[in-house]
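These numbers come from a predicted model, not from an experiment. So you know, we letter chains A, B, ... as the sequences are listed, proteins then strands, and number each from 1.
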Protein chains: 2
Amino acid sequence: MMNIGEAAAASGVSAKMIRYYEETGLIPPAGRTGAGYRTYGPKEVQILRFVRRARDLGFPMEKVGDLLALWRDRSRASAEVRRLAEDQVAALTARIREMEEMKATLEHLVHACAGDERPDCPILADLGGGNCRT
Amino acid sequence: MMNIGEAAAASGVSAKMIRYYEETGLIPPAGRTGAGYRTYGPKEVQILRFVRRARDLGFPMEKVGDLLALWRDRSRASAEVRRLAEDQVAALTARIREMEEMKATLEHLVHACAGDERPDCPILADLGGGNCRT
DNA sequence: TATGGACCTTCCCACCATAGGAAGGTCAAC
DNA sequence: GTTGACCTTCCTATGGTGGGAAGGTCCATA
């Protein structure tokens, strides 16, 4: 049995976040020693690693909860899990595209900007003249 | 002179956010009518549009403040602005790459998953660190 | 002139996920 | 037995945005 600090080191999740995950119900409450210290075994550490990995893949907490539930349910169909993963791929794709667009616009502006000592700046001109309804 | 609602409609920035920007010092305090209503003219609306556009390009508030300062400074060198824009391109590039990596990993897992009624699921197996069930 | 509704004001709360810190208790090593 | 590293809870902040309550204002219409 480990302390929260050891569990944090073993799982890659900070002690702060472990307590937070417990508080929000993402993970079940840890056992306690007589003095009130949280205790963790290998099983709990595995759960924490699961959460960590899912977060690394960009899943929001809520989806991580769904994945955990499916993980615990031995009879779940893999199709459900796959759908969650596909949703996440779609979300990432959408977000990436948005940022690619921002980047392209900015690169265009940077390209048009002399970038020297002169105050003429197409970047500021663009920002100042953006067309919304006036 | 417009109300905050009209300025919001004209600039594309919500009234809530206009007040927030003012509160945090991003934009100067608006003028007030005798009754305490904020008033906005075309110049202020242009500033709001500037902010909106910069936020749309993914600049964090702090950088928007820098850009605004450069915008107001008629003698600024365009090189400074360009550097801010380039930094932002770099930030976007880094974030995009992170997300591309997440996406690639997930796509790999989705591809390996049968996605049928069987409980065998490589996605959960991966998340769990090799052991699908506890 | 009165009233109603659309606007404005300030203030507080919520989100998501994370980090920092203070105040106080506990454990283990020396 | 003291010291230092750990633990506990509780509060705060972040970045931007939205929601809403309680109360004031403005304008048009009945």
Side-chain angles (χ1 to χ4, degrees), chain A residues 1-27 29-41 44-45 48-68 88 91-92 95 98-99 102, chain B residues 1-27 29-41 44-45 48-68 88 91-92 95 98-99 102:
Chain A
M1 281 302 187
M2 325 170 166
N3 275 341
I4 198 172
E6 296 168 288
S11 66
V13 180
S14 74
K16 282 274 192 205
M17 290 316 296
I18 295 176
R19 294 191 196 99
Y20 173 72
Y21 291 155
E22 179 181 321
E23 187 195 324
T24 58
L26 181 68
I27 59 176
R32 300 282 184 139
T33 68
Y37 282 25
R38 288 176 180 83
T39 58
Y40 299 86
E44 284 72 34
V45 168
L48 289 171
R49 270 193 277 112
F50 183 105
V51 172
R52 171 71 204 275
R53 180 101 176 97
R55 298 278 313 131
D56 283 349
L57 288 173
F59 284 94
M61 295 251 304
E62 190 197 345
K63 301 290 178 181
V64 176
D66 295 346
L67 286 169
L68 270 176
Q88 176 60 11
L92 285 171
R95 189 76 192 107
E98 282 176 21
M99 293 203 302
M102 293 181 195
Chain B
M1 281 301 187
M2 325 172 166
N3 277 338
I4 198 171
E6 296 166 288
S11 66
V13 180
S14 74
K16 281 272 191 206
M17 290 316 296
I18 295 176
R19 294 192 196 99
Y20 174 72
Y21 291 155
E22 179 181 321
E23 187 196 324
T24 58
L26 181 69
I27 58 176
R32 299 283 185 140
T33 67
Y37 281 25
R38 288 176 180 82
T39 59
Y40 300 86
E44 284 73 32
V45 168
L48 290 171
R49 270 193 279 112
F50 183 104
V51 173
R52 172 71 204 276
R53 181 103 175 97
R55 298 277 313 131
D56 283 349
L57 288 173
F59 284 95
M61 297 248 307
E62 190 197 344
K63 301 289 178 181
V64 176
D66 296 345
L67 286 169
L68 270 175
Q88 176 60 12
L92 286 171
R95 189 78 191 105
E98 281 175 21
M99 293 203 301
M102 294 181 195

Nearest-Å distance for atom pair [atom1]/[atom2], residues [X] and [N]:
| X | N | atom1 | atom2 | result |
| --- | --- | --- | --- | --- |
| B:M2 | D:dC26 | CE | P | 19 Å |
| A:L26 | C:dA17 | CG | P | 9 Å |
| A:K63 | C:dA17 | NZ | P | 12 Å |
| B:E6 | D:dC27 | CD | C1' | 13 Å |
| B:F59 | D:dG16 | CZ | P | 13 Å |

Pick the nucleotide of DNA chain C nearest each of B:G36 and A:P60; which residue has the one closer to the 5' end?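 Whichever sits nearer the 5' end wins; that is B:G36.
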Show the nearest heavy-atom pair for residues [X] and [Y], with the distance to one decimal.
| X | Y | value |
| --- | --- | --- |
| A:R55 | A:M61 | NH1-N, 3.7 Å |
| A:S11 | A:V45 | CB-O, 4.1 Å |
| B:A30 | B:T39 | CB-O, 3.8 Å |
| B:S14 | B:A8 | C-CB, 4.1 Å |

If you check the [X] side chain, which of [options] turns out closest?
| X | options | value |
| --- | --- | --- |
| A:A35 | C:dA17, C:dT26, D:dT25 | C:dT26 |
| B:R55 | C:dT10, D:dG16, D:dC7 | D:dG16 |
| A:Y37 | D:dG16, D:dC6, C:dC7 | D:dC6 |

In Å, rounded to the nearest 0.5 Å, how long is the span from CE of A:M17 to CD of A:E23?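 The CD atom of A:E23 is 10.0 Å from CE of A:M17, to the nearest 0.5 Å.
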Whether A:E98 side chain and A:R95 backbone form a donor-acceptor pair below 3.5 Å: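 No; zero donor-acceptor contacts below 3.5 Å.
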For DNA chain D, whose closest nucleotide is more 5', that of B:E62 or that of A:I4?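 Taking each residue's closest nucleotide, the earlier one in sequence belongs to A:I4.
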Side-chain N or O of B:R38 closer than 4.0 Å to phosphate OP1/OP2 of C:dC7: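 The answer is no; no side-chain N or O of B:R38 sits under 4.0 Å from OP1 or OP2.
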Is there a side-chain contact between B:F59 and B:D66 in this structure, where contact means two heavy atoms from C-beta onward sitting under 4.5 Å apart?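 Sidechains of B:D66 and B:F59: no contact.
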Stretch residues 13-23 of chain B: residues that reach within less than 4.0 Å of DNA chain D through a heavy atom: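 The stretch gives B:S14, B:K16, B:M17, B:Y20, B:Y21 as the residues lying under 4.0 Å from the strand, ordered by number.
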